[in-house]
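To keep things clear, I will list the structure first and then write my remarks on it.
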Amino acid sequence: MVTRSLFSGILLVCVSCSIIHTDKEIDCTNDEKIDKINTNFLYMEELIKLNPKLGPRTNIETYIEFKDNGQVIYYYKQNGVIKKTPPKYERGFYFVKKDKLYFKSFFTHPQGGGWVKSVLSRKKNDTLYFRRLENCEENYIYIPILKESVVMEK
């Protein structure tokens, strides 16, 4: 009985450790060095490659806004008007650490959801290119749009 309990405890610790360490970052030496982000823009999100896990979301124009306090606000376009996504469905935050910009976002999906952590890999003419921590391949492009040039729901 004691052996069974001891084995179960050790197994639980091993599984917990393996889950905790799955968020390891791969070092991509050409990542963009940055100390702050331009918060005057609304950024339109585009997938670089079609991600089948996102399903119908790829048909909806989505936008993000970086706030000065580190918060990221999500928006979507419906009938020509940009509306705020409720935080229970999608939310995020960003921070700068060792001259790298990290972006952590939460999403919900019928099959699950969770947190996704990305890092800014490059910036070109205020367009932002992000990659996941696990590899050096870029996944998302965020194209800047002046906030004054879009119709937003009040």
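Residue indices begin at 1 and follow the sequence shown. Remember, it's a predicted structure, so these values are computed and weren't measured experimentally.
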Output field: ring centroids F66/Y43 closer than 6.0 Å: yes

D68 atom CG, over 12 foreign heavy atoms within 6.0 Å: no

Side-chain (S121) to main-chain (Y129) donor-acceptor, under 3.5 angstrom: yes

Reference residue I82; test side-chain contact (heavy atoms from CB on, under 4.5 Å); the match among I145, V150, T62: V150

Gap between atom NZ of K33 and atom CG of L101 - 0.5 Å precision: 12.5 Å

Considering all heavy atoms, the nearest D126-K123 contact: OD1-CE, 3.5 Å

Heavy-atom pair of closest approach, residues F103 and Y74: CZ-OH, 3.3 Å

Point-to-point distance, once rounded to the nearest 0.5 Å, from CD1 of I141 to CD of E138: 7.5 Å

Salt bridge D31-R122, side-chain N to carboxylate O under 4.0 Å: no

Connected via hydrophobic side-chain network under 4.5 Å: L47 and L128: yes

I64 CD1 to Y75 OH distance, which is reported to the nearest 0.5 Å: 11.0 Å

Distance, nearest 0.5 Å, that separates OG1 of T85 from CZ of R91: 12.0 Å

Donor-acceptor pair, side chain of N38 and main chain of N40, under 3.5 angstrom: yes

Non-hydrogen atoms of F106 and K88 that approach each other most closely: CE2-O, 4.1 Å

Sequence-distant partners of K84, salt bridge (Lys or Arg N to Asp or Glu O under 4.0 Å), two or more places apart: none

Lys/Arg-Asp/Glu bridge criterion (N-O < 4.0 Å) met for K100, E32: no

Within one Ile-Leu-Val-Met-Phe-Trp-Tyr cluster: Y76 and Y89, side-chain cutoff 4.5 Å: no

Same apolar cluster: I34 and V72, side chain cutoff 4.5 Å: yes

Donor-acceptor pair, side chain of N69 and main chain of Q71, under 3.5 angstrom: yes

Distance-only donor-acceptor check, side chains E65 and Y63, under 3.5 Å: no

Ring center gap for F130 and Y140 short of 6.0 angstrom: no

For L42 against K147, the heavy-atom pair lying closest together: N-CG, 3.9 Å

Distance (rounded to the nearest 0.5 Å) between K83 NZ and E153 CD: 5.0 Å

